[in-house]
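Being a predicted model, the structure only gives us computed values, none of them experimental.
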Amino acid sequence: MADHSNYRPETLAVRAGQERSQFGEHSEALYLTSSFVFGSAAQAAKRFSGEEEGNVYARFSNPTVTMFEERLAALEGAEDCVATASGMAAIMALCLAHLKQGDHIVASNSLFGATVQLFNNILSRTGITTTFVSHTDPAAWEAAIRPETKLFFLETPSNPLTEIADIRALTAIAHARGILVAVDNCFCTPILQQPLAMGADLVVHSATKYIDGQGRVLGGAVCGPKKLTEEVFKYLRTAGPTLSAFNAWVLLKGLETLKIRIEAQASSALRLATWLESHPKVARVFYPGLASHPQHALAQTQQKSGGAIVSFEVKGAREQAWAVVDHCQLLSITANLGDTKTTITHPASTTHGRISPEARAAAGISEGLLRIAVGLEAVEDLQADLERGFSLI
Ligand SMILES: *Cc1c(COP(=O)(O)O)cnc(C)c1O
């Protein structure tokens, strides 16, 4: 891989990782092929053994996928990256590459729902156990450490309450005991937050969200130093949760506009959050870019802006929250996020609907809570859309 260390993120986003074929194509080529041809039996043997670099079989290498991996690695400031079929495949690959029966994970208690299911219902079957602790209390992480703890796993800001986990503090605690730290950087993307630069060992992504950013394909990735990603690559080569070349090509193009999209979305999110905070029908706003956020100061030390997710509580309960959702004509009613199209979700009855009302209340997910993933529409149009429901409650 070329040395990109002097380039700024917007340059890396459009240039890093490109490998041109003999045809000199300007845009990155899409290689739709499952296998690669060798010049001789001897070359085939060398490629299979790894003695000679080069593509063999698309379960573990494809030039389009490699271009995506190199570009994302450059943006994360990582030595290496392994792309996967989805964000969940990335988390699974990371865990099975680095953990074994008897190992223990300490994880944030406000992780993405499917990640909690993966740890509790799938990894647990292999004898890997998880303790969930307060997202915002480093002392709780330290107290949960056991001799067999091998991994701290976190995601910040949290969904939907945008609480901030202190990456530097948690990394210091973990590294004092030889524990790896993995950060799911889906919400901020490397444009707004670089966990590796703050000491984390590995970054995982759901590229499905902001990296594609246009709601088209699924993808994921694990980024970090080669000595750690190599194990993930070995797992992928054998187990096969591979990113397709087509999806890699879409994601490469997504990376090219990631910076301008997420910055525009975050700036709209701040305007929307500020407006919501002064709205008479709104009880409370959760957005790390607002001075009223309890961890605003910490957020400013580790992320470049508040990001593009805004949550708020309407005055009232489920009926009032649903009225706001149901009167939206522009905002899409969907739990997905990271799209150019703004989405609105009622967490208590969707993403967090399967947990008991008591557990939900303990987690701060009230019946009046709504989450907005801000897209690229005009903020005034989003406000007018929300006002339709506000005016009726
Ligand atoms: C969506 C999401 C995932 C899972 O990603 P998929 O691509 O849907 O498998 C993991 N973590 C976070 C924070 C997410 O938002």
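- When every heavy atom of Ser34 is checked against every heavy atom of Tyr57, the shortest pair comes out as O-CD1, 3.2 Å.
- Remark: the backbone N or O of Ala317 is not paired with any side-chain donor or acceptor of Glu319 at under 3.5 angstrom.
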Step-by-step side chain to side chain contact (heavy atoms under 4.5 Å, CB included) determination, Tyr31 to Phe246: CA-CA 8 Å; Tyr31 293 92; Phe246 179 79; over 6 Å; no
field: Leu386 vs Cys328, side chain to side chain contact (heavy atoms under 4.5 Å, CB included): CA-CA, chis, key distance, verdict
entry: CA-CA 6 Å; Leu386 291 166; Cys328 285; 4.3 Å; yes
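- Donor-acceptor pairing under 3.5 Å is recorded for the side chains of Gln193 and Asn185.
- Glu79 contributes a side-chain N or O that, together with a main-chain N or O of Lys226, makes up a donor-acceptor pair within less than 3.5 Å.
- Here the side chain of Arg371 pairs no donor or acceptor atom with the backbone of Val310 at under 3.5 angstrom.
- More than 12 heavy atoms of other residues, nucleotides or ligands shown are found within 6.0 angstrom of CD on Glu148.
- Judged purely by distance below 3.5 Å, without hydrogens or angles, the side chains of Glu387 and His279 pair a donor atom with an acceptor atom.
- A salt bridge links Lys259 with Glu263: at least one charged nitrogen is closer than 4.0 Å to a carboxylate oxygen.
- Rounded to the nearest 0.5 angstrom, Thr189 OG1 and Ile262 CD1 are separated by 4.5 Å.
- Under a hydrophobic clustering in which Ile, Leu, Val, Met, Phe, Trp and Tyr are joined whenever their side-chain heavy atoms come within less than 4.5 Å, directly or via other members, Ile179 and Leu228 fall into different clusters.
- Looking only at atom types and distance, the side chain of Ser366 has a donor-acceptor partner in the side chain of Glu313 under 3.5 Å away.
- Heavy atoms from other residues, nucleotides or ligands lying under 6.0 Å from CD of Gln101 number 12 at most.
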- request: Starting from the C-alpha separation in whole Å, work towards a yes-or-no answer on side chain to side chain contact (heavy atoms under 4.5 Å, CB included) for Val106 and Val133.
  value: CA-CA 7 Å; Val106 181; Val133 295; 3.7 Å; yes
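- Considering only heavy atoms from C-beta on, Glu69 comes within 4.5 Å of Thr66 through its side chain.
- Atom NZ of Lys46 is surrounded by 12 or fewer heavy atoms from other residues, nucleotides or ligands within 6.0 Å.
- In this structure, Lys341 contributes its side chain and Gly375 its backbone to no donor-acceptor pair below 3.5 Å.
- The shortest distance between side-chain heavy atoms of Leu270 and Ser305 does not fall below 4.5 Å.
- Residues Ile191 and Tyr210 fail the side-chain proximity criterion, which asks for heavy atoms closer than 4.5 Å.
- When side chains are defined from C-beta on, Arg71 does not count as touching Arg15, because their heavy atoms never get closer than 4.5 Å.
- One distance of note links CZ of Phe68 with CG of Leu252; it measures 7.0 Å at 0.5 Å rounding.
- In this structure, CG on Leu298 lies 4.5 Å from CG on Asp166, to the nearest 0.5 angstrom.
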message: Working note: Thr342 + Glu377, criterion side chain to side chain donor-acceptor pair (under 3.5 Å); need CA distance, chi angles, decisive distance, verdict.
response: CA-CA 7 Å; Thr342 298; Glu377 303 95 333; 2.5 Å; yes
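- Between Tyr287 and His293, a ring centre-to-centre spacing not shorter than 6.0 Å is recorded.
- With hydrogens and angles ignored, the 3.5 Å screen pairs a side-chain donor or acceptor of Ser268 with a backbone N or O of Ala264.
- Counting heavy-atom neighbours within 6.0 Å of Glu52 CD, excluding the residue itself, gives a total above 12.
- Counting only distance, with no hydrogens or angles, the side chain of Gln383 and the backbone of Leu276 share no donor-acceptor pair below 3.5 Å.
- If you check the side chains of Ser61 and Asn55, you find a donor sitting under 3.5 Å from an acceptor.
- Identified under the ring-ring contact (aromatic ring centres under 6.0 Å, His included) test for residues 102-123, with sequence neighbours left out: Phe119-Phe153.
- In this structure, the side chain of His98 does not engage the main chain of Leu94 through any donor-acceptor pair within 3.5 Å.
- Here the side chain of Thr115 pairs no donor or acceptor atom with the backbone of Leu111 at under 3.5 angstrom.
- Taking a 6.0 Å sphere around NZ of Lys253, one finds it holds more than 12 heavy atoms contributed by other residues, nucleotides or ligands.
- Rounded to the nearest 0.5 Å, atoms CG (Leu258) and CG (Leu12) are 12.0 Å apart.
- In the displayed structure, Phe132 atom CZ is contacted under 6.0 Å by more than 12 heavy atoms of other residues, nucleotides or ligands.
- Ile145 contributes atom CD1, which lies 13.0 Å from atom NZ of Lys150 (distance to the nearest 0.5 angstrom).
- The OG atom of Ser110 sits 8.0 Å away from atom NE2 of His352, with the distance rounded to the nearest 0.5 Å.
- A side-chain donor-acceptor contact under 3.5 Å links Asp385 to the backbone of Leu331.
- In terms of modelled atom types and a separation under 3.5 Å, the side chain of Thr229 and the main chain of Cys81 share no donor-acceptor contact.
- A side-chain donor from one of Glu76 and His205 sits under 3.5 Å from a side-chain acceptor of the other.
- Cluster annotation: Val82 and Leu180 are assigned to the same hydrophobic cluster (Ile/Leu/Val/Met/Phe/Trp/Tyr, side-chain heavy-atom contacts under 4.5 Å, transitive).
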task: Could you give me the CA-CA distance, side-chain angles and deciding distance for Glu367 and Arg360, then say whether salt bridge (Lys or Arg N to Asp or Glu O under 4.0 Å) is met?
output: CA-CA 9 Å; Glu367 288 291 330; Arg360 236 184 353 252; 3.6 Å; yes
- prompt: Under the side chain to side chain contact (heavy atoms under 4.5 Å, CB included) criterion, do Ile309 and Phe286 qualify, and how do the steps go?
  reply: CA-CA 9 Å; Ile309 309 284; Phe286 303 85; over 6 Å; no
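- The closest side-chain donor-acceptor pair between Arg261 and Thr257 falls under 3.5 angstrom.
- Judged purely by distance below 3.5 Å, without hydrogens or angles, the side chains of Ser292 and Glu277 pair a donor atom with an acceptor atom.
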